[in-house]
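Comments concern the structure below.
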There are 4 protein chains.
Amino acid sequence: MSPASVPTDTPPKRERRKQARPGELLEAALALFVEKGFAATRVEEVAARAGVSKGTLFLYFPSKEELFKAVVRENTGRVLAEGLRDVAGYTGSSADLVREAMRRWWTQYGGTPAAGLTKLMVSESANFPDLARYFQQEVIQPCHALMRGVVSRGIERQEFRPVDLAMVAQLMVAPLVQMVSWRFSMAPCTPDGQMPDPMALVNLHAEMIVRGLRRDDAPSPAAP
Amino acid sequence: MSPASVPTDTPPKRERRKQARPGELLEAALALFVEKGFAATRVEEVAARAGVSKGTLFLYFPSKEELFKAVVRENTGRVLAEGLRDVAGYTGSSADLVREAMRRWWTQYGGTPAAGLTKLMVSESANFPDLARYFQQEVIQPCHALMRGVVSRGIERQEFRPVDLAMVAQLMVAPLVQMVSWRFSMAPCTPDGQMPDPMALVNLHAEMIVRGLRRDDAPSPAAP
Amino acid sequence: MSPASVPTDTPPKRERRKQARPGELLEAALALFVEKGFAATRVEEVAARAGVSKGTLFLYFPSKEELFKAVVRENTGRVLAEGLRDVAGYTGSSADLVREAMRRWWTQYGGTPAAGLTKLMVSESANFPDLARYFQQEVIQPCHALMRGVVSRGIERQEFRPVDLAMVAQLMVAPLVQMVSWRFSMAPCTPDGQMPDPMALVNLHAEMIVRGLRRDDAPSPAAP
Amino acid sequence: MSPASVPTDTPPKRERRKQARPGELLEAALALFVEKGFAATRVEEVAARAGVSKGTLFLYFPSKEELFKAVVRENTGRVLAEGLRDVAGYTGSSADLVREAMRRWWTQYGGTPAAGLTKLMVSESANFPDLARYFQQEVIQPCHALMRGVVSRGIERQEFRPVDLAMVAQLMVAPLVQMVSWRFSMAPCTPDGQMPDPMALVNLHAEMIVRGLRRDDAPSPAAP
DNA sequence: TATGAATGAGACTTCATTCAT
DNA sequence: TATGAATGAAGTCTCATTCAT
C-alpha cells in the first residue's frame with residue numbers, strides 16, 4: 001500500500017515557497033512598520049526578516065508604498081465579523097456582555113500581531129490619508145458600532161442608564177486601544193515589573209465601565 | 001515704583017528674532033514631527049515653517065537628531081508641576097477632584113500643541129529608546145502618580161472603594177491620551193460632524209470613573 | 001536513387017522548434033535592439049517576443065552582450081555577395097547599372113529587417129567599438145567598394161566624367177542609408193501622408209546621381 | 001576715481017557658477033547622450049563631465065528624463081532662422097544658392113556639437129516619441145522647407161528643371177545628415193586616413209545636386 | 001530542454017550636512 | 001548671523017543572470 005508513486009499533491013518546494021512569500025513578506029513588513037514606522041524601515045530589512053533578498057520583495061510588491069498598502073489591507077477587517085454575530089445572539093446580562101466583548105477584543109485582536117496596525121495607522125495617518133480613512137471605515141467604525149450595540153442593548157433592557165452611545169463607545173474602546181499602542185511602543189522600553197497583566201487590566205476596565213453604566217436605582221451588586 | 005516691570009528697552013527686532021529662533025524652530029519641528037514622523041520630516045520643511053533657511057537650522061542644532069531631542073526635552077515636564085501642587089492642597093470631594101484633574105489635564109496639556117509629543121513618542125519609541133525612557137520618567141510616571149494620588153486620597157477618605165491604584169490610574173489616563181492621539185492622527189481625516197466635543201467627552205469620562213470608583217454602599221447620587 | 005535528397009522524415013515539431021530557437025531569438029533581438037537600443041531593451045522582452053522564457057535565452061546565448069554580437073554577425077555580410085558578382089558581369093550602360101544597383105540595394109537590403117542593423121550600429125558604435133569596426137569592414141566598405149566599382153566602370157567606359165570615387169560612393173550610399181535610418185526611427189512617428197514612396201525616392205536618387213556623373217559633353221538625354 | 005566701492009556688478013563666484021551650471025550640464029549631457037545613448041549614459045558621468053557631483057545635477061533637473069528633454073529643447077531650433085532669411089534675400093544664381101545653403105548647413109549646424117542631436121533623435125525616437133515628433137516639427141520640417149524653397153526658386157527662374165520638391169529636398173539633406181551621423185558614430189572608429197574632408201564632400205554633393213537639377217537644355221557649364 | 005523564482009550589483013534619486021559667500 | 005549651492009552616503013528600484021525544479 002501507499003506506493004511511492006502516489007503523488008499526494010504536494011507542490012514542489014519552489015512552488016510552495018512562492019505561495020508563501022507574500023504572506024511572509026507582509027508579516028515581516030507589518031512587524032517592522034509597526035516598530036519603526038514606514039519611512040524608517042528599509043525594504044531590505046523587510047526582505048531579510050522574511051528570509052529573502054531585496055529583489056524578491058519587488059517580485060511581489062511593485063513598491064514600498066504598495067507593500068504598505070497591502071499590509072494595511074491584509075490586516076484590516078475580518079476582526080469583528082464574529083464579534084458582531086455574537087452580540088446579536090447573546091442571551092445573558094448586558095454587564096456580562098460588556099465583559100465578554102472586551103475580553104474578546106483583547107484576545108482576538110489586541111493581543112495579536114495584527115493589532116500593531118492600530119499603532120501604525122495612528123503614526124502614519126498624515127502620510128497616508130487615504131489609508132487612514134479606509135482604516136476608519138473598515139476597523140474603527142465597526143468596532144465603535146459594536147460597542148454602541150452592546151450599550152444600546154443594556155439601555156433597552158433597562159440594565160444600563162441612558163447615556164450618549166457614541167461617547168461611551170469611545171470610552172470603552174480607548175483603554176483597549178491604548179493598551180495596544182503601549183504594547184507596541186513604550187512596553188519594550190519598560191522594565192518588566194512595571195507592566196500590569198493585560199487581562200487583569202481588561203477585566204478592571206470592563207468592571208469600571210459596567211459600574212459607570214449601572215442605573216442609579218440598581219441594587220448594590222456583589223462586586224466580583 | 002516697580003521699575004522691574006518696565007520693559008525698559010525692547011531689544012531691536014533683529015536681536016529679538018535671534019533669541020526667538022530656536023523657539024520657532026522647535027515649534028515648527030514639533031508640529032512636523034508629530035504630523036509626519038521623524039524620518040518623513042525634512043529639515044528643510046522645518047526651517048521653512050520657522051521662516052529660516054536650511055543652513056540656519058544647523059546653526060542652532062547640530063543635527064536633525066539633536067533637534068528631535070531638543071523638541072522632546074522642550075515639551076517635557078513643566079506640565080504637571082502645578083497639577084501635583086493643586087492635588088495636595090485640594091479640599092473638596094474626591095469625586096470633584098477627579099473631575100477637576102481630568103478637565104485640567106485636557107485644558108492644560110491635552111488640548112495644547114505640546115500634547116503632540118505624546119503621539120510622537122508612541123510613534124518613535126523604537127527609534128529613540130533613550131528618549132522613550134526619558135519621556136516615561138518625566139511625563140508618564142508623574143502623570144500616573146498624580147492620578148494614583150487622587151484615587152488614593154478618595155480611598156483613604158472612604159469616598160472610593162479600594163482598587164488597584166496603578167491599574168485605575170492607567171484607565172483614567174488612557175482615554176485622555178487616546179483623545180490626544182486621535183487629535184493628531186485620525187481627526188484631520190475625519191468628517192467634522194463625527195467628532196464629539198472633547199470637553200464633553202472628558203466630562204463623561206470623569207463621570208464614568210467616579211461611578212466606577214464609588215463605594216458599593218454609597219447613597220444613590222444626584223447624577224450631574 | 002539519390003535517397004539523400006529525400007526529406008524522408010520531417011523532424012518532430014519539438015525538434016524543429018529547438019533548431020529554430022536561436023533564429024527566432026536573433027530575429028526578436030534584432031527588432032528590439034533596433035527599435036529601442038541595446039541598453040533599453042530587456043532580455044525578457046526579447047525572450048517574450050521569441051515566445052520563450054527568459055531562462056531559455058541564456059541557454060543559447062551566454063549573455064546579453066553575446067546576443068548582441070550574434071545579432072550583428074547574423075545580419076552582416078551575405079548582402080553584397082551577389083551584388084558584386086552582378087556588377088562584374090553587367091553588360092548594359094553604366095547609367096542603367098547605377099539605377100539597378102540602387103534599386104537592388106533597397107529591395108534586397110534597405111527594405112528588409114536586416115537593414116535595421118545599420119541604424120543599430122550607428123546608435124551603438126561608441127558602446128561596441130569592436131563591432132563597429134567589424135561592421136565597417138564587413139558591410140560598409142564592401143558596399144562602398146561596390147559603388148566605386150560601378151562609377152569606375154562608367155568612367156573607364158567614358159560614360160561618366162571623372163570624379164573622386166570615394167566621395168561619390170559616399171554620396172550614392174548616403175540617401176539610401178538615410179532612408180533606412182528614417183524607416184526605423186522617425187517614420188513610425190510620422191503621419192502616413194508625409195512619407196514618400198521609397199522606390200520613387202530611390203529612382204529619383206539614381207537619376208540625380210546619373211545626371212551628376214554625366215559628362216559635360218554628353219548629348220541631351222531623354223529624361224525618364 | 002574708480003573708488004573701491006564701485007560694485008562693478010560682478011556676481012560672487014558661487015552665484016556665477018549657479019548661472020553657468022545648467023548650461024554646463026546640458027553640454028555634458030548632450031555629448032554623452034549622443035555618444036552612448038540615453039539608457040547607457042549614467043547621470044553620474046554627466047555630472048562628472050560637467051565638473052559637479054551627482055546631487056548637483058538634480059538641483060537643476062528633476063530627473064534624468066527631464067535632463068534629456070532639456071537637452072533636446074536646448075539644441076533645437078535657432079538653427080535655421082537666418083538660413084531662411086538669407087534664402088529670401090538672395091540675388092545670385094540658384095546653383096550658387098544651393099552651394100551656399102549646403103556649405104552653411106555644415107558650417108553652422110552639421111559641424112557643431114548641436115548636430116549630435118540629430119544622431120541622438122534617430123537613436124532614441126522610439127523611446128521618446130513625443131520628442132521625436134517635436135524634433136521633426138522644429139528641425140526637420142523647417143530644414144526641408146528651406147531646401148524646397150531653394151529648389152523652387154530655381155525652377156521658377158527656369159534655372160532648374162521641374163522636379164518633385166519634397167523628394168529632392170530629402171536627397172539634398174540626406175548626405176548632410178549622413179555625414180553628421182557618421183561624425184558621431186563610425187568616425188571615431190575609423191582610421192584617420194580614410195575620412196574624406198567634410199567640406200570637400202559638401203562641395204561635391206552640392207555640385208552633384210546642381211547638375212542633377214540642371215535643365216536638359218542648359219548650355220554646357222564650365223565645371224568648377 | 002525549458003521554466004521562472006530568486007539574487008544582488010548597479011542605477012536613479014533624496015536629503016542631511018557642509019561651507020563659501 | 002544667515003544663506004542656499006554643493007556634496008555624497010544611503011535608500012528605492014531594475015534587470016541581467018543563475019539555478020532548482
Side-chain angles (χ1 to χ4, degrees), chain A residues 11-21 39-47 51-67, chain B residues 14-15 17-18 21 38-48 51-67, chain C residues 14-15 17-18 21 38-48 51-67, chain D residues 11-21 39-47 51-67:
Chain A
K13 228 182 300 174
R14 244 317 179 39
E15 186 60 19
R16 208 168 54 226
R17 298 308 308 274
K18 193 200 167 185
Q19 299 307 328
R21 279 286 138 74
T41 299
R42 301 205 311 278
V43 293
E44 200 159 11
E45 287 178 275
V46 176
V52 299
S53 76
K54 204 176 15 167
T56 302
L57 189 151
F58 288 97
L59 245 41
Y60 296 96
F61 304 95
S63 71
K64 189 186 180 187
E65 197 157 321
E66 287 303 319
L67 171 64
Chain B
R14 182 63 165 287
E15 184 63 16
R17 293 306 307 268
K18 192 170 67 181
R21 282 286 143 75
F38 175 77
T41 299
R42 285 177 314 181
V43 294
E44 195 160 15
E45 287 178 275
V46 175
V52 300
S53 76
K54 209 176 3 172
T56 303
L57 187 151
F58 286 92
L59 249 38
Y60 294 99
F61 304 95
S63 72
K64 188 186 181 186
E65 197 157 322
E66 287 303 319
L67 171 63
Chain C
R14 185 60 166 288
E15 184 64 15
R17 292 307 306 268
K18 193 169 68 180
R21 281 287 143 76
F38 175 77
T41 298
R42 285 177 314 186
V43 293
E44 197 160 13
E45 288 178 274
V46 175
V52 300
S53 77
K54 208 174 9 169
T56 302
L57 187 152
F58 285 92
L59 249 38
Y60 294 98
F61 304 96
S63 72
K64 188 187 182 187
E65 198 157 320
E66 287 302 320
L67 171 63
Chain D
K13 228 181 300 174
R14 243 320 178 37
E15 185 62 19
R16 208 168 53 226
R17 297 310 306 275
K18 192 200 167 186
Q19 299 307 327
R21 279 286 137 75
T41 299
R42 300 204 310 277
V43 293
E44 200 160 11
E45 288 178 276
V46 175
V52 299
S53 76
K54 208 175 10 170
T56 302
L57 188 152
F58 288 95
L59 246 42
Y60 296 96
F61 303 95
S63 71
K64 189 186 180 186
E65 199 158 319
E66 287 302 318
L67 172 64

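Side chains are part of it too, since the values below use all heavy atoms of this structure and drop only hydrogens, waters and symmetry mates. Chain naming here is simple, since letters A, B, ... match the order of the sequence lines and numbering starts at 1 in each.
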- Message: Side-chain N or O of Thr56(D) versus OP1/OP2 of dT7(F): is the shortest distance under 4.0 Å?
- Response: yes
- side-chain hydrogen bond (donor to acceptor under 3.5 Å, both in side chains) against Glu45(D), all qualifying residues, sequence neighbours excluded: Lys36(D)
- Qualifying salt bridge (charged side-chain N to carboxylate O under 4.0 Å, His left out) pairs with a residue from residues 52-67 of chain D, counting only residues at least two apart or across chains: Glu66(D)-Lys69(D)
- Which pair of non-hydrogen atoms, one from Leu57(A) and one from Val43(A), has the smallest distance, and what is that distance? CD1-O, 3.8 Å
- Query: Any stems for DNA chain F, made of 3 or more Watson-Crick or G-U pairs in a row, each with both distances under 3.5 Å?
  - Reply: E:2-21 with F:2-21
Return the polar atom pairs (N/O with N/O) between nucleotides 10-14 of chain F and the protein under 3.5 Å, or none.
from	atom 1	to	atom 2	distance (Å)
dA10(F)	N6	Lys54(D)	NZ	3.3
dT12(F)	OP1	Thr41(A)	O	3.4
dT12(F)	OP1	Lys64(A)	NZ	3.0
dT12(F)	OP2	Val43(A)	N	3.3
dC13(F)	OP2	Lys64(A)	N	2.8
dC13(F)	N4	Lys54(A)	NZ	2.9

- Measure from CZ on Arg21(A) to C1' on dA5(E) and round the result to the nearest Å. 8 Å
- Message: Quick check: closest heavy atoms across Ala39(C) and Ala39(D), and the distance to 0.1 Å?
- Response: CB-CB, 3.6 Å
- Taking atom P of dT3(E) as reference, at what distance in whole Å does atom CG of Leu57(C) sit? 11 Å
- Query: Who passes ring pair (Phe, Tyr, Trp, His ring centres under 6.0 Å) against Phe58(C), sequence neighbours left out?
  - Reply: none
- For Ser63(A), check side-chain hydrogen bond (donor to acceptor under 3.5 Å, both in side chains) against everything at least two apart and list the hits. none
- Out of dT7(E), dT7(F), dT3(E), which has the shortest distance to the side chain of Leu59(C)? dT3(E)
- Below 4.0 Å: OP1/OP2 of dA6(E) and any side-chain N or O of Ser53(A): no
- Give a yes/no on whether any side-chain N or O of Tyr60(B) is located under 4.0 angstrom from OP1 or OP2 of dT1(F). no
